[in-house]
Amino acid sequence: SEMADGRYSTTQTTVETREYYAYDDRPTMQFEMPKFDGGYVRSLGGMLKIICIILCLLCFLCVLIGGPGYYTGAGWATFVATVGLSISTTLLALYIFHIVDASPQIPWVLIEMIYCFVWTIFFFIAACVLGVAAARYHGTAGWGAASFFALGAMCAYGFDAYLKFLGWKRDEVASGGAHPETRTQAQHV
C-alpha cells in the first residue's frame with residue numbers, strides 16, 4: 001500500500017558499453033632472431049654455468065674411464081653428470097643468445113634455483129657413492145677423481161642455487177648480457 005501512494009519510486013537504469021579496437025591496437029607477436037652476446041660469460045652467473053659444465057664433463061669422463069661400468073653407482077653418476085651437462089649447456093645458450101630476455105613471463109630464476117638445488121643433492125649422492133666405491137673396490141682410482149669433481153660440481157651448483165634464491169627473493173628477472181642486474185633495476189623503475 002505504500003507503493004501506491006507515490007512516496008516511493010523505483011528507477012532502473014541500464015548502461016551499455018561497447019569497446020571498439022582498431023586493428024593496429026591488437027597485441028602482436030614479434031619474433032626476433034637470437035643474437036649472440038658473449039658478455040654473459042663474464043658475469044658471475046655465466047662463469048658458474050661454465051664451471052658447472054666443465055665439472056660435469058670431467059666427472060662424466062672420470063666415471064667412464066675410472067672403473068667397471070656395471071656398478072650401479074657409476075650409472076647414477078653418469079646420469080647426473082650427463083643431464084647436468086645437457087641442462088647447464090642449454091641454459092648457457094639461452095642466456096648467451098638472449099632467449100631468456102624474449103620470454104620474461106617464464107620464471108627463469110625460480111626454475112634455475114630448483115634445478116641447481118636438485119643437482120646439488122644429486123651430485124652429493126653421486127660423490128658419496130663414487131667415493132665409497134673407489135675406496136672399496138680395486139682398480140677404481142678414476143672413480144675417486146670423479147668423486148672429487150662431483151663434490152666440486154655440488155659446490156658450484158649449491159652456490160648457484162644460493163645466488164638464484166637471493167635473486168628470486170628480490171624478484172629479479174633473468175637476463176642475458178654482461179650486467180643483468182642493471183637491466184633488472186631499470187625494469188622496476
Side chains of residues 75-84: which donor-acceptor pairs under 3.5 Å do they make with residues two or more places apart or in other chains?
unit_1 : atom_1 : unit_2 : atom_2 : d
Thr78  : OG1    : Ala74  : O      : 2.7
Thr82  : OG1    : Thr78  : O      : 2.8
Thr82  : OG1    : Phe79  : O      : 3.2

Any non-hydrogen side-chain atom of Cys52 less than 4.5 Å from a side-chain atom of Phe159?
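No, every pair of side-chain atoms sits at 4.5 Å or beyond.
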Do Thr140 and Leu130 have side chains that approach each other closer than 4.5 Å (heavy atoms only, starting at C-beta)?
no
Val132 with Trp143, same ILVMFWY side-chain cluster at under 4.5 Å:
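No; tracing contacts between hydrophobic side chains, which count when under 4.5 Å, never links both residues.
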For the hydrophobic clusters of this structure (ILVMFWY residues joined by side-chain heavy atoms under 4.5 Å, transitively), does one cluster hold both Met47 and Leu163?
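Each belongs to a different hydrophobic cluster.
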Nearest heavy atoms of [X] and [Y], plus distance in Å:
X      : Y      : answer
Cys59  : Ala150 : SG-CB, 4.0 Å
Gly158 : Thr120 : N-OG1, 3.0 Å
Trp108 : Ser103 : NE1-O, 3.1 Å
Gly46  : Leu92  : O-CD1, 4.3 Å
Leu55  : Ala156 : CD1-CB, 4.3 Å

Pairwise distance [atom1]([X]) to [atom2]([Y]) - rounded to 0.5 angstrom:
X      : Y      : atom1 : atom2 : result
Met154 : Ile125 : CE    : CD1   : 11.5 Å
Ile54  : Lys49  : CD1   : NZ    : 14.0 Å
Met113 : Trp168 : CE    : CH2   : 5.0 Å
Tyr40  : Tyr95  : OH    : OH    : 5.0 Å
Leu57  : Thr89  : CG    : OG1   : 8.5 Å
Tyr162 : Phe117 : OH    : CZ    : 14.5 Å

For the residue pair Ser88 and Tyr115, confirm or rule out a side-chain donor-acceptor distance under 3.5 Å.
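Yes, a side-chain donor-acceptor pair sits under 3.5 Å.
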Can Cys56 and Phe123 be said to form a side-chain contact (heavy atoms from CB on, under 4.5 Å), step by step?
CA-CA 9 Å; Cys56 286; Phe123 267 115; 3.6 Å; yes
Taking atom CZ of Phe148 as the centre, report whether more than 12 heavy atoms of other residues, nucleotides or ligands fall under 6.0 Å from it.
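Open: at most 12 neighbouring heavy atoms sit under 6.0 Å from CZ of Phe148.
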Go through the structure and list residues passing ring-ring contact (aromatic ring centres under 6.0 Å, His included) with Tyr137, not counting sequence neighbours.
Tyr71
